[in-house]
Amino acid sequence: GAGVSQSPRYKVAKRGQDVALRCDPISGHVSLFWYQQALGQGPEFLTYFQNEAQLDKSGLPSDRFFAERPEGSVSTLKIQRTQQEDSAVYLCASSLDLNTGELFFGEGSRLTVL
Amino acid sequence: GQNIDQPTEMTATEGAIVQINCTYQTSGFNGLFWYQQHAGEAPTFLSYNVLDGLEEKGRFSSFLSRSKGYSYLLLKELQMKDSASYLCAAASGGSYIPTFGRGTSLIVHP
């Protein structure tokens, strides 16, 4: 596709459920990022992939959060045993060349945990 | 770690000029980014400054002073559609991963 695609756009989960959020980056983009954005806040870094390698996962808030990109293209962010504080928009971004500074963001997946 | 500070909210009049300031504290600075985010939409890239000085891109300009840990985004000839959140972000520590501030909500009124 022309841009970064994320699904689902909206997800409602009961506390304790597992969720999986998908990101389809722009074709050919080597770098892929996940960010978490709470209402009224800036995006908070979660994790970064270069191709299939997860080079930085320092932003993942707990071991309930797990991300993968097995073939260096599509990525999945999985949250186990969701808690209410996990409610946020999860943004995925991709980049062809980090030297340009330009990340292309998807519209995000809005997760609401009840 | 990084500390990025920008005003929470600003208001301005259509047709006017507004300057949104951002200060940052980092180690191993690798560049300063500005993104625009309309409510409920994805952030979109505006600028990336690595060297000191002013970079102009149409109605938007971005300035960086590395020695002062300071940047600003200048918006000229404001239009109603410029009402959005403006996110300042810095990369540091040998990484090019942007760390974002909380954003400045700009309200443009007639």
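In this structure, OH on A/Tyr35 lies 5.0 Å from CZ on B/Phe100, to the nearest 0.5 angstrom.
With a 4.5 angstrom heavy-atom cutoff, A/Leu91 touches chain B only via side-chain atoms. The part of A/Gln37 that comes within reach of chain B is its side chain, from C-beta onward, which places non-hydrogen atoms under 4.5 angstrom from that chain. Neither the backbone nor the side chain of A/Phe104 has a heavy atom closer than 4.5 Å to any heavy atom of chain B. The part of B/Tyr48 that comes within reach of chain A is its side chain, from C-beta onward, which places non-hydrogen atoms under 4.5 angstrom from that chain.
Linking Ile, Leu, Val, Met, Phe, Trp and Tyr whenever their side-chain heavy atoms come within less than 4.5 Å leaves A/Leu39 and A/Val12 in two separate clusters. Linking ILVMFWY residues whenever their side-chain heavy atoms come closer than 4.5 Å, directly or via other members, places A/Val113 and A/Leu77 in the same cluster. Hydrophobic clustering (side-chain heavy atoms under 4.5 Å, transitive across Ile, Leu, Val, Met, Phe, Trp, Tyr) groups B/Ile20 together with B/Leu78. Follow the hydrophobic side-chain contacts under 4.5 Å out from B/Leu106 and you reach B/Leu73 in the same cluster. Hydrophobic clustering (side-chain heavy atoms under 4.5 Å, transitive across Ile, Leu, Val, Met, Phe, Trp, Tyr) groups B/Leu64 together with B/Trp34.
For A/Glu68, the salt bridge (Lys or Arg N to Asp or Glu O under 4.0 Å) test picks out A/Lys78, with sequence neighbours left out. Contacts of A/Asp56 classified as side-chain hydrogen bond (donor to acceptor under 3.5 Å, both in side chains), with partners at least two apart in sequence or in another chain: A/Ser58.
Nearest heavy-atom pair, B/Leu87 versus A/Pro43, reported as atom, atom and distance to 0.1 Å: CD1-CD, 3.9 Å. Closest non-hydrogen pair, A/Leu103 versus B/Phe45, comes out as O-CB, 4.4 Å. In this structure, B/Ala42 and A/Gly106 approach most closely via the heavy-atom pair CB-O, 3.0 Å.
Panel note: side chain A/Tyr48, backbone B/Tyr96; no donor-acceptor pair is recorded below 3.5 Å.
Most heavy-atom pairs under 4.5 Å with chain A: of the set B/Ser105, B/Pro43, B/Ser95, this distinction falls to B/Pro43.
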